[in-house]
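Down below is the structure, laid out as structure tokens.
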Amino acid sequence: MTLSFTRGETLPADLPHIPHLNAAAFPREDLVPLVEALLADPAVLSLSAHLDDRLIGHILFTRARLETADETVALLGPLAVQPMHQRKGIGKALIAEGLARLKAEGVAEVLVLGDPAYYSRSGFRPASRVTPPYTLPAEWVAAWQWQRLDGADEDLSGILVLPEAWMRPELWG
Ligand SMILES: CC(C)(COP(=O)(O)OP(=O)(O)OC[C@H]1O[C@@H](n2cnc3c(N)ncnc32)[C@H](O)[C@@H]1OP(=O)(O)O)[C@@H](O)C(=O)NCCC(=O)NCCS
């Protein structure tokens, strides 16, 4: 059965619920400080999914730049879906909504560190040449994925410059 949820920009009324949603989706990782810092950053795109006015999914995209390139890029994450509503297409829909918005504003490439089995379903490719802020463990290299939004087929390269909230080594392995 298809779930009839809506998605769009995060509303002020969603904000108190976002930490709880992330804590429920990531029981073994404390991503709440990262999420709260990113929500306060105007360079971050925040989208939410609702079912009957209840928050059931949330995604962040941090707009960023590369040290030696003109293009704007974005980093996807965290993405969290309420456990009882996982595997119903909500995560995929939030990713698609974010990619469409970032493409419309001219973002050249989106990066994500996550499970390639999941993100490949939304067009991401493994092992970006873009240099993350911390060296990834060898087994995570394929999980550092990329997708061009501007029609080009080549991965960008260069050092990714991210806001302070992302500058914690434990977020990168
Ligand atoms: C991972 C997560 C965001 C996916 O969102 P979702 O709404 O559950 O996923 P979707 O419904 O869009 O897609 C699910 C499909 O992807 C597949 N899939 C592959 N890897 C997966 C994974 N690690 N988690 C969930 N689904 C995965 C599923 O098999 C499913 O396929 P199916 O529809 O053929 O059964 C969500 O499960 C979640 O919040 N998990 C906990 C937090 C997390 O791991 N976030 C991602 C951090 S990078």
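Counting starts at 1 for both ligands and their atoms, following the listed order. In this chain, numbering begins with 1 at the start of the sequence shown.
A side-chain donor-acceptor contact under 3.5 Å links Asp14 to the backbone of Leu11. Remark: the backbone N or O of Met167 is paired with a side-chain donor or acceptor of Tyr134 at under 3.5 angstrom.
Close approach of ligand 1 to Asp115 is summarised as follows: ligand atoms under 4.0 Å from at least one heavy atom of the residue are 20 (N), 23 (N). Within ligand 1, counting atoms from 1 as listed, the ones closer than 4.0 Å to a heavy atom of Phe26 are 42 (C), 43 (C), 44 (O), 45 (N), 47 (C). In the vicinity of Lys92, heavy-atom distances shorter than 4.0 Å reach the ligand 1 atoms 12 (O). Below 4.0 Å from some heavy atom of Gly91 lie the following atoms of ligand 1, by number and element: 5 (O), 6 (P), 7 (O), 12 (O).
Ala80 counts as a contact of ligand 1, since one of its heavy atoms falls under 4.0 Å from the ligand. For Gly89, the heavy-atom gap to ligand 1 drops under 4.0 angstrom.
With a heavy-atom cut-off of 4.0 Å, Tyr119 touches ligand 1 through its side chain alone.
For the atom pair CD of Gln145 and CG of Asp115, the computed distance is 7.5 Å after rounding to the nearest 0.5 Å. Atom CG of residue Leu160 and atom CG of residue Leu66 lie 6.0 Å apart, to the nearest 0.5 angstrom.
Considering backbone and side-chain N/O of Ala117, none are found under 3.5 Å from N/O of ligand 1.
Considering each of Leu79, Val112, Asn22, the one bringing a non-hydrogen atom nearest atom 46 (C) of ligand 1 is Leu79. Between atom 33 (O) of ligand 1 and the options Arg28, Lys88, Arg121, the minimum heavy-atom separation is to Arg121. Counting only non-hydrogen atoms, the option in Arg87, His85, Glu29, His58 that gets closest to atom 24 (N) of ligand 1 is Arg87.
Within a 4.0 Å radius of atom 17 (C) of ligand 1, the protein contributes one or more non-hydrogen atoms. Distance remark: protein heavy atom not present below 4.0 angstrom from atom 35 (O) of ligand 1.
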Determine all donor-acceptor pairs shorter than 3.5 Å in which one atom belongs to a side chain in residues 76-95; sequence neighbours excluded.
{"from": "His85", "atom 1": "ND1", "to": "Lys88", "atom 2": "NZ", "distance (Å)": "2.9"}
{"from": "Gln86", "atom 1": "NE2", "to": "Val81", "atom 2": "O", "distance (Å)": "2.8"}
{"from": "Lys88", "atom 1": "NZ", "to": "Met84", "atom 2": "O", "distance (Å)": "3.1"}
{"from": "Lys92", "atom 1": "NZ", "to": "Arg121", "atom 2": "O", "distance (Å)": "3.4"}

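The two residues Asp153 and Arg125 make their nearest non-hydrogen contact at OD1-NH2, 2.5 Å.
Among residues two or more places apart in sequence or in another chain, the side-chain contact (heavy atoms from CB on, under 4.5 Å) test is passed with Glu97 by Arg7, Leu47, Arg101.
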